[in-house]
Amino acid sequence: MELLGWFVTSPWAIAALVIVVGASVYVHRILQRCPHCQRLVRRAVRGWFRCPHCGRQYHRSVPQQR
């Protein structure tokens, strides 16, 4: 219980949590999962991209295949 109290009141722990959440949001904005092979690929904002892993094309509106 002391660890939780330290985590909530520590400025270093709060700063680390803010950095992790910010990095997660940033990565989610620039990457997406390939709908075919489920690997992380560059997000398709407009047009069609080709996955470098499976070679199939994807678009931001293509639903998950698996």
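The chain is numbered in sequence order, starting from 1. Quick caveat, the model's predicted, so the values are computed rather than measured.
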Between L31 and Y26, is there shared hydrophobic-cluster membership here, with clusters defined by ILVMFWY side-chain heavy atoms closer than 4.5 Å? yes

Do F49 and V41 touch side chain to side chain, with heavy atoms closer than 4.5 Å? no

Distance in Å, C34 SG paired with R56 CZ, rounded so as to fall on 0.5 Å steps: 8.0 Å

Side-chain contact test, heavy atoms from C-beta onward, threshold under 4.5 Å: evaluate it for L40 versus R33 and give yes or no. yes

Compare every heavy atom of Y58 with every heavy atom of R50, then report the nearest pair and how far apart it is. C-CE2, 4.0 Å

Under 3.5 Å, side chain of R29 to main-chain N/O of R43, donor-acceptor pair present? no

Mind listing the closest non-hydrogen atom pair of C51 and C54 along with its distance? SG-N, 3.5 Å

Identify the heavy atoms of H59 and G47 that sit nearest to each other, and give their distance. CD2-O, 2.6 Å

